[in-house]
Amino acid sequence: MIGNDIVDLNKANQDSNIFRPRYLEKVCSPEEIELVFSSSNAITTFWRIWTMKESVYKAFQRKFQFKTVFNPFAFVCQFEDSDSGKVSFKAHQLFTKTIQTEEFIYSEVINSRAKQRFFGSASDFLQKLKPELNLQSHPELTKTREGLPVLNLPNKTLAISKTHHGNFQAFQY
Amino acid sequence: MTSEAIQERLKTIVKPYINNQENFEKLSKESDFINDLEINSANLVDIVLDVEDEFDIRIENDDMEKMTKVEATVEVIQKKLSQK
C-alpha cells in the first residue's frame, strides 16, 4: 500500500494557526493533543501527526476505494520513536515513517515491497521514470475514477501517491 | 437562509484557500474542495472553523466528514442553522 503527505512548514505557518480555538480538537484525539503539547515543538509535532493521518488515509482510500471524506478523527496515531509511527483505522493498522527538515515534514506509509520515493516536480519525476522503467516515451500521470493518481504504462497501470504543498512535492511508487 | 445565500457566503470563506482560480470563478453546488478548487486538506480545518464562526454554529465530526463539497457543506450549514 502507498500513501504519502508533505507539509511545507513556512506555508503551513502562514495559512493555519493550529493554536486557534478548536483547531486541534477538529483533528486530534485527546491523546494526540497530549503528544502535541508534551513535545518540544508543538507545531512540528502537530504536522507530523497530520501527515501520518493523511498518508494512511490515502493508502486506505486506494485500497477500499472510498469517496473523499474529511475525518481525521478516524485515524489514530501513536509514535514509536522520533520518525516511526503507527496509525490505526478501524480494525486496520499501518506503520509510517516521517522525515523532518527545517522546511518540511513528510510522512509515508511503510511498504514491505521497498517502494521508492522522489522529492521534486512532476516533470522531473516523469523524466526520472523514463529510463528507470525502460519507457520509449514520457509516461503520463492520470487519475483513476476515484481521483487517485496513476501512471499509465504500455502494459500496466502503476499506482502513484503524490503530495504537493507550497514549495514541496513528493511521489511514492 | 436560502441555500443560494449560504453558498455565496461559503464562497467568500473558501476564497483565501483555493489554488484553482478558474474553477473558483465557476464554483457551483458540485464543486469539490480538494479536486476542483485544489484546496489543501490542511486548510479544510480552517474552512470548518471559519464556517462555524461565520454562521455561529458548531459542527461535529459526523457532519465535518461530509464537508468536502459545496453542496454537502451548504446542507450541513442549513441543518445547523435550523437547529439554532
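Here is the naming used below: chain letters follow the sequence lines, and residue numbers restart at 1 for every chain.
- More than 12 heavy atoms of other residues, nucleotides or ligands shown are found within 6.0 angstrom of CD on Gln21(B).
- Interface remark: Val27(A) contributes side-chain atoms only to the contact with chain B (heavy atom separation under 4.5 Å).
- Residues Leu94(A) and Ile49(A) share a hydrophobic cluster, clusters being chains of Ile/Leu/Val/Met/Phe/Trp/Tyr side chains in contact below 4.5 Å.
- Considering every non-hydrogen atom in both Thr68(B) and Thr68(A), the closest pair reads OG1-O, 3.7 Å.
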When you look at Asp50(B) and Arg20(A), which way does the salt bridge (Lys or Arg N to Asp or Glu O under 4.0 Å) test go after all the steps? CA-CA 11 Å; Asp50(B) 289 347; Arg20(A) 179 179 177 182; 2.6 Å; yes
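- Both the backbone and the side chain of Asp46(B) come within contact range of chain A, with heavy atoms under 4.5 Å apart.
- The environment of Glu22(B) atom CD is sparse: at most 12 non-hydrogen atoms of other residues, nucleotides or ligands sit within 6.0 angstrom.
- Shown here is Lys63(A), whose NZ atom has no more than 12 heavy atoms of other residues, nucleotides or ligands within 6.0 Å.
- For the set Asn43(B), Asp32(B), Asn35(B), the entry with the most heavy-atom pairs within less than 4.5 Å of chain A is Asn43(B).
- Proximity to chain A (any heavy atom under 4.5 Å) is restricted, for Val48(B), to the side chain, taken from C-beta onward.
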Let's go through Val45(B) and Trp50(A) carefully: what are the C-alpha distance in whole Å and the side-chain angles of both, what is the deciding distance for side chain to side chain contact (heavy atoms under 4.5 Å, CB included) to 0.1 Å, and is it a yes or a no? CA-CA 11 Å; Val45(B) 186; Trp50(A) 175 272; 3.8 Å; yes
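- Remark: Lys84(B) NZ is packed, more than 12 non-hydrogen atoms of other residues, nucleotides or ligands lying under 6.0 Å away.
- Interface residue Phe73(A): only side-chain heavy atoms are found under 4.5 Å from chain B.
- For the atom pair Lys67(A) NZ and Glu65(B) CD, the distance stands at 10.5 Å (nearest 0.5 Å).
- The shortest non-hydrogen separation linking Ser16(A) to Ala42(B) is OG-O, 4.2 Å.
- Cluster membership check: Val87(A) shares its hydrophobic cluster with Phe89(A), using side-chain heavy-atom separations under 4.5 Å among Ile, Leu, Val, Met, Phe, Trp and Tyr.
- Between Tyr17(B) and Asp15(A), the shortest heavy-atom contact is CE2-O, 4.3 Å.
- Within 6.0 Å of atom CD in Gln93(A), more than 12 heavy atoms from other residues, nucleotides or ligands are found, so the atom counts as buried in its surroundings.
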Evaluation steps, side chain to side chain contact (heavy atoms under 4.5 Å, CB included), between Arg22(A) and Asp53(B): CA-CA 11 Å; Arg22(A) 313 190 304 281; Asp53(B) 290 342; 3.1 Å; yes
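- Within 6.0 Å of NZ on Lys128(A) lie more than 12 heavy atoms contributed by other residues, nucleotides or ligands.
- A 4.5 Å side-chain heavy-atom check between Leu44(B) and Lys26(A) finds every atom pair outside the cut-off.
- Under a cut-off of 6.0 angstrom, the local environment of CD in Glu132(A) is crowded, with over 12 non-hydrogen atoms contributed by other residues, nucleotides or ligands.
- Atom NZ of Lys58(A) and atom OG of Ser41(B) lie 6.5 Å apart (nearest 0.5 Å).
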